[in-house]
Amino acid sequence: MAVAVRDREEDVKRAVREMLVRVQSGEAKLIANVLASLADYTIDAFNKVFDRFSEVTEKLEEHGKRLSRIELHLGALTESTYSKFILDDLRRELESRGEKLLSWERNAVVGGEEIDLLVETDKTVYVVEVKVKPGIGDVGALLAKSELVAKLKPGKTVKPILAGALVGSEVRSYATQKGVEVYSY
């Protein structure tokens, strides 16, 4: 019985070695074929491939620049549209609270910082930051801008407002905890 098992083991080992030789010779043939096909390429062929690659790279760079311009324009359009929405919503709220709108300014610069929308009433100054998809960092930036405004408008309440289309629950929760009103459009 032990001899039959040993013979069987030897048969299996021999079959595995034979398969390994076949696989290795197949790999060698494949590698030889690849090298032979590469040897057929001339410098001219490589130059043509390189030139084509350069053309494709230039086109991708062009498309990247165009995409950046589209993002810039889309961001500006979104910001101005949302600012209008917020201003309209604020006007309604102000009327209901009896506050009088004194002024509003888009892209106001306060202390060297740009504020997307600055709305002043007889009692309150609203500092509005507009982002399509605001993040936690945008809340911090808004709070810093609100502090700047508070220094320049003593005696008035300063209320920060964050507006966007894609306001995540983490951002909304964090902003609310920090006393920031959140508008979603």
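None of these values were measured; they are calculated from a predicted model.
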Q) How far apart are the C-alpha atoms of Lys100 and Leu94, what are their side-chain angles, what is the distance that settles it, and do they pass the side chain to side chain contact (heavy atoms under 4.5 Å, CB included) test? A) CA-CA 7 Å; Lys100 181 181 177 189; Leu94 298 174; over 6 Å; no
(Q) Check Asp88 with Lys84, please: is the shortest side-chain N to carboxylate O separation under 4.0 Å? (A) yes
Q: Side-chain contact test, heavy atoms from C-beta onward, threshold under 4.5 Å: evaluate it for Leu118 versus Val127 and give yes or no.
A: yes
Q) Under a 4.5 Å cut-off applied to non-hydrogen side-chain atoms, are Val119 and Arg91 in contact? A) no
(Q) I'd like to know if the side chain of Ser173 reaches the main chain of Ser169, judged simply by a donor and an acceptor atom lying under 3.5 Å from each other, with no hydrogens or angles considered. (A) no
**Q.** Note, Ile86 side chain near Tyr185 side chain (heavy atom, < 4.5 Å)
**A.** yes
(Q) Assess whether a salt bridge exists between Glu62 and Lys65, defined as any Lys/Arg side-chain N lying under 4.0 Å from an Asp/Glu carboxylate O. (A) no
Q) Val130 and side chain to side chain contact (heavy atoms under 4.5 Å, CB included): which partner among Ile161, Ile115, Asp116, Thr81? A) Asp116
Q | Shared hydrophobic cluster for Leu102 and Leu117 (ILVMFWY, side-chain gaps under 4.5 Å) | A | no
Q: State whether the side chain of Lys133 and the backbone N or O of Gly164 hold a donor-acceptor pair below 3.5 Å, judged by distance alone.
A: no
Q | Side-chain touch Pro160/Leu143, heavy atoms, less than 4.5 angstrom | A | yes
(Q) Whether the Thr121 and Arg97 side chains hold a donor-acceptor pair (N or O, under 3.5 Å, no angle test) is what I'd like checked. (A) no
Q: Look at Arg92 together with Asp89 and state whether they make a salt bridge at an N to O cut-off of under 4.0 Å.
A: yes
Q) Are Trp104 and Tyr183 connected, step by step, through hydrophobic side chains (Ile, Leu, Val, Met, Phe, Trp, Tyr) whose heavy atoms are closer than 4.5 Å? A) yes
Q: Would you mind reporting whether Leu148 and Leu152 have side-chain heavy atoms less than 4.5 Å apart?
A: no
